Amino acid sequence: LFLTEMDYDKLAEAGMIIAGSPESVVEQILSQQKEIGFGTFVGEFRFGNMPHHLAKRSMELFAREVMPQLKSESRVESATSTAALVAGKI
(Lines give C-alpha, C1' and ligand atoms only; values in the text may rest on other atoms or scores of the structure.)
Protein backbone atom coordinates (compact mmCIF):
# COMPACT_ATOMS: atom_id res chain seq x y z
CA LEU A 1 0.00 0.00 0.00
CA PHE A 2 1.06 3.54 -0.70
CA LEU A 3 0.84 6.10 2.10
CA THR A 4 -1.84 7.91 0.13
CA GLU A 5 -3.95 4.76 0.27
CA MET A 6 -3.70 4.40 4.04
CA ASP A 7 -6.16 5.97 6.43
CA TYR A 8 -5.39 7.19 9.94
CA ASP A 9 -6.07 3.82 11.57
CA LYS A 10 -3.78 1.95 9.16
CA LEU A 11 -1.00 4.51 9.61
CA ALA A 12 -1.30 4.34 13.41
CA GLU A 13 -1.41 0.52 13.38
CA ALA A 14 1.77 0.47 11.29
CA GLY A 15 3.47 2.79 13.80
CA MET A 16 3.91 5.47 11.17
CA ILE A 17 2.15 8.15 13.20
CA ILE A 18 1.98 8.80 16.91
CA ALA A 19 -1.00 10.73 18.21
CA GLY A 20 -3.34 10.82 21.16
CA SER A 21 -3.31 11.83 24.80
CA PRO A 22 0.05 12.58 26.42
CA GLU A 23 -0.09 9.20 28.19
CA SER A 24 -0.83 7.40 24.93
CA VAL A 25 1.96 9.23 23.11
CA VAL A 26 4.46 8.26 25.83
CA GLU A 27 3.37 4.63 25.56
CA GLN A 28 3.65 4.65 21.77
CA ILE A 29 7.11 6.26 21.77
CA LEU A 30 8.46 3.89 24.43
CA SER A 31 6.96 0.89 22.64
CA GLN A 32 8.67 1.85 19.39
CA GLN A 33 11.91 2.68 21.21
CA LYS A 34 11.88 -0.75 22.85
CA GLU A 35 11.14 -2.47 19.55
CA ILE A 36 13.78 -0.77 17.39
CA GLY A 37 16.13 0.81 19.95
CA PHE A 38 16.42 4.39 18.75
CA GLY A 39 18.17 7.06 20.80
CA THR A 40 16.73 10.14 19.11
CA PHE A 41 13.11 11.05 18.53
CA VAL A 42 12.18 13.67 15.94
CA GLY A 43 8.58 14.85 16.01
CA GLU A 44 6.60 16.66 13.35
CA PHE A 45 3.93 18.76 14.99
CA ARG A 46 2.55 20.60 11.98
CA PHE A 47 1.29 18.99 8.80
CA GLY A 48 -0.98 19.86 5.92
CA ASN A 49 -2.77 23.14 6.40
CA MET A 50 -2.85 22.97 10.19
CA PRO A 51 -3.02 26.46 11.69
CA HIS A 52 0.08 27.66 13.52
CA HIS A 53 -1.70 27.98 16.86
CA LEU A 54 -2.68 24.29 16.84
CA ALA A 55 0.86 23.17 16.01
CA LYS A 56 2.20 25.43 18.77
CA ARG A 57 -0.32 23.96 21.23
CA SER A 58 0.79 20.44 20.31
CA MET A 59 4.46 21.31 20.82
CA GLU A 60 3.75 22.93 24.18
CA LEU A 61 1.70 19.95 25.32
CA PHE A 62 4.46 17.58 24.20
CA ALA A 63 7.10 19.60 26.06
CA ARG A 64 5.01 19.91 29.22
CA GLU A 65 3.40 16.46 29.45
CA VAL A 66 5.38 13.98 27.32
CA MET A 67 9.04 14.96 27.52
CA PRO A 68 9.27 14.79 31.34
CA GLN A 69 7.89 11.25 31.29
CA LEU A 70 10.35 10.21 28.58
CA LYS A 71 13.24 11.73 30.50
CA SER A 72 12.30 9.69 33.56
CA GLU A 73 12.48 6.41 31.65
CA SER A 74 15.86 4.74 32.03
CA ARG A 75 15.95 3.60 28.40
CA VAL A 76 15.67 7.17 27.19
CA GLU A 77 18.10 8.43 29.83
CA SER A 78 20.64 5.82 28.70
CA ALA A 79 20.29 6.95 25.10
CA THR A 80 20.59 10.60 26.16
CA SER A 81 23.70 9.84 28.24
CA THR A 82 25.28 7.94 25.35
CA ALA A 83 24.58 10.83 22.98
CA ALA A 84 26.08 13.31 25.45
CA LEU A 85 29.15 11.09 25.89
CA VAL A 86 29.65 10.84 22.12
CA ALA A 87 29.25 14.63 21.83
CA GLY A 88 31.95 15.09 24.48
CA LYS A 89 29.62 16.66 27.04
CA ILE A 90 30.29 14.08 29.76
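The structure presented is a predicted model; accordingly, all values stated were derived computationally and were not measured. In what follows, residues are counted from 1 in the order of the sequence shown.
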Crowded around Glu13 CD? As in, over 12 foreign heavy atoms under 6.0 Å?
no
ILVMFWY clustering at 4.5 Å (side-chain atoms), partners of Met50
Phe47, Leu54
Donor-acceptor pair, side chain of Gln28 and main chain of Ile18, under 3.5 angstrom
no
For Ser31, give me all partners under side chain to side chain donor-acceptor pair (under 3.5 Å), at least two apart in sequence or on another chain.
none
Any idea which heavy atoms bring Ala55 and Arg46 closest together, and the distance?
CB-CB, 3.6 Å
Identify the residue among Leu30, Ile29, Val26, Val25 that makes a side chain to side chain contact (heavy atoms under 4.5 Å, CB included) with Gln69.
Val26
Looking at Glu65 and Pro22, what are the two nearest heavy atoms and their distance?
CB-CB, 3.6 Å
Take a 6.0 Å sphere around CZ of Arg57 and say whether it holds more than 12 heavy atoms from other residues, nucleotides or ligands.
no
For the residue pair Phe38 and Gln33, what are the closest heavy atoms and their distance?
O-NE2, 2.9 Å
Distance (rounded to the nearest 0.5 Å) between Glu27 CD and Ser21 OG
7.5 Å
I'd like to check the ring pair (Phe, Tyr, Trp, His ring centres under 6.0 Å) partners of Phe41; sequence neighbours left out, ordered by chain and number.
Phe62
When every non-hydrogen atom of Ser24 is compared with those of Ala19, the smallest separation belongs to OG-O, 3.9 Å
